[in-house]
Amino acid sequence: MVHFEKTLSSENLFEGRIFRVIRSKVLLEDGKTSHREIVCHPGGAAILPMNDQGEVYLVRQFRYAFGRELLEIPAGKLEPGEDPEAAARRELWEECGFSADSVRNLMPVYPTVGYDTEVIHMYLAQGLRCGEAHPDPGEFVTVEKYPLKDAVDMVLCGEIRDGKTVAALMKVQVLLDRGELRLI
């Protein structure tokens, strides 16, 4: 059986700088109706930089919504019409000051499927060339380097909680373990 919901009507509740919120009335597959509130987000791109020793670079930044610093892979919002890989490379340069000889598509992830349309396109950067970071105005990040195994251990003990970062670190570790990825 294919599950579905059909939109009967929608209204804008909020329009902000980054996203908008809509409320829709939907028809359920059992014939009843319900309401859905959805955050419409333009999507993002994220990139895990990894050097030829298998060390990864994460950024530490304060996240207001959680009232604390978090460790994350470099990431940012897609600009209208922007190619996700180009956006990931831009974020790598802005937040870490790196360019990469090789960028591999890891996967798109849907971080919050219950109420948000955001898709984060995730990449792995290898063949890193170091330069100077160029953070956006008002963006304050510290770049930290960890052996991949240590970063994965930080996921497993709950120290790294950001969803995109968890997904990227775990996928890269599994690819390495299976021999489907090599260090360059």
Side-chain angles (χ1 to χ4, degrees), residues 16-20 38-51 54-148 150-152 154-156 158-176 181:
R17 185 178 61 84
I18 297 175
F19 61 85
R20 66 186 173 97
I38 304 296
V39 174
C40 300
H41 190 284
I47 192 161
L48 175 61
M50 185 168 68
N51 66 24
E55 297 167 319
V56 295
Y57 295 84
L58 303 175
V59 293
R60 183 177 297 277
Q61 61 184 320
F62 184 83
R63 289 302 194 176
Y64 182 79
F66 291 95
R68 60 181 284 199
E69 287 183 325
L70 295 176
L71 266 178
E72 305 174 40
I73 60 177
K77 179 177 73 68
L78 289 175
E79 299 301 328
E82 187 175 24
D83 174 70
E85 182 180 322
R89 287 179 180 272
R90 173 178 45 81
E91 291 298 328
L92 180 65
W93 180 76
E94 287 178 1
E95 295 185 12
C96 297
F98 296 155
S99 59
D101 292 332
S102 170
V103 172
R104 177 180 175 156
N105 186 343
L106 290 175
M107 65 185 161
V109 294
Y110 307 153
T112 314
V113 297
Y115 61 87
D116 191 341
T117 64
E118 182 178 22
V119 176
I120 301 175
H121 302 271
M122 297 200 318
Y123 298 88
L124 171 66
Q126 292 182 283
L128 302 177
R129 287 175 273 126
C130 298
E132 184 177 328
H134 302 86
D136 290 331
E139 183 176 45
F140 305 98
V141 300
T142 304
V143 179
E144 299 179 12
K145 179 174 63 172
Y146 298 90
L148 176 62
D150 291 355
V152 168
M154 293 165 74
V155 167
L156 295 175
E159 188 175 341
I160 294 177
R161 298 180 182 182
D162 172 64
K164 67 185 176 298
T165 303
V166 169
L169 290 169
M170 300 308 283
K171 178 145 188 188
V172 166
Q173 183 65 66
V174 168
L175 291 173
L176 282 168
L181 177 68

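Worth knowing before you read on, the calculation uses all heavy atoms, side chains too, and leaves out hydrogens, waters and symmetry mates. Please read these numbers as outputs of a predicted model, since none were measured by experiment.
- Considering CG of Leu48 and CZ of Arg104, their distance stands at 12.0 Å, rounded to 0.5 Å.
- Residues that satisfy the ring-ring contact (aromatic ring centres under 6.0 Å, His included) test with Phe19, not counting sequence neighbours, are Phe14.
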Return all side-chain donor-acceptor pairs below 3.5 angstrom for residues 61-69, not counting sequence neighbours, or 'none' if the list is empty.
| unit_1 | atom_1 | unit_2 | atom_2 | d |
| --- | --- | --- | --- | --- |
| Arg63 | NE | Glu72 | OE2 | 2.7 |
| Arg63 | NH2 | Glu72 | OE1 | 2.9 |
| Arg63 | NH2 | Glu72 | OE2 | 3.4 |

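- Of the inter-residue distances, the one linking His121 atom NE2 with Ile47 atom CD1 reads 13.5 Å to the nearest 0.5 angstrom.
- Proximity of a side-chain donor or acceptor of Asp83 to a complementary backbone N or O of Ala86 within less than 3.5 Å is detected.
- Counting heavy-atom neighbours within 6.0 Å of Arg60 CZ, excluding the residue itself, gives a total above 12.
- Minimum interatomic distance between Glu95 and Val141 (heavy atoms only, all atoms of both residues): O-CG2, 3.7 Å.
- Annotation: side chain of Val172 is in contact with side chain of Met50 (closest heavy-atom distance under 4.5 Å).
- In this structure, Glu94 contributes its side chain and Glu91 its backbone to no donor-acceptor pair below 3.5 Å.
- For the atom pair NZ (Lys171) and CG (Leu181), the distance works out to 10.5 Å, reported to the nearest 0.5 Å.
- Remark: the backbone N or O of Ile73 is not paired with any side-chain donor or acceptor of Lys164 at under 3.5 angstrom.
- With a 4.5 Å cut-off on side-chain heavy atoms, Asp116 and Ile38 do not count as touching.
- Residues Leu156 and Met170 meet the side-chain proximity criterion, which asks for heavy atoms closer than 4.5 Å.
- Ala88 and Ala45 get closest at one heavy-atom pair: N-CB, 3.6 Å.
- Sorted by first and then second residue, the ring pair (Phe, Tyr, Trp, His ring centres under 6.0 Å) pairs with a member in residues 122-147 read Trp93-His134; sequence neighbours excluded.
- Between the side chain of Glu82 and the backbone N or O of Glu79, at least one donor-acceptor pair lies under 3.5 Å.
- Smallest separation of non-hydrogen atoms from Cys40 and Thr117: CA-OG1, 3.3 Å.
- Looking at heavy atoms from C-beta onward, Leu148 lies out of side-chain contact with Glu55 at the 4.5 angstrom threshold.
- Taking SG of Cys96 as the reference point, atom CG of Leu58 lies at 8.5 Å (rounded to 0.5 Å).
- When all heavy atoms of Met154 and Leu71 are compared, the closest pair comes out as CE-CD1, 3.4 Å.
- Side-chain N/O atoms of Asn51 and Tyr57 include a donor and acceptor closer than 3.5 Å.
- The shortest side-chain heavy-atom distance between Arg89 and Ser99 does not fall under the 4.5 Å cut-off.
- When all heavy atoms of Leu78 and Pro84 are compared, the closest pair comes out as CD2-CA, 3.8 Å.
- Between Ile120 and His41 the shortest side-chain heavy-atom distance does not fall below 4.5 Å.
- Between Pro49 and Pro74, some side-chain heavy-atom pair lies under the 4.5 Å cut-off.
- Here the side chains of Val59 and Glu144 are not in contact, with every heavy-atom distance at 4.5 Å or above.
- Taking each heavy atom of Met122 and Ala167 in turn, the nearest pair found is CE-CB, 3.7 Å.
- No donor-acceptor pair under 3.5 Å is formed between the side chain of Ser102 and the backbone N or O of Gln126.
- In this structure, the separation between CG on Leu175 and CG on Leu124 is 8.5 Å, given to the nearest 0.5 Å.
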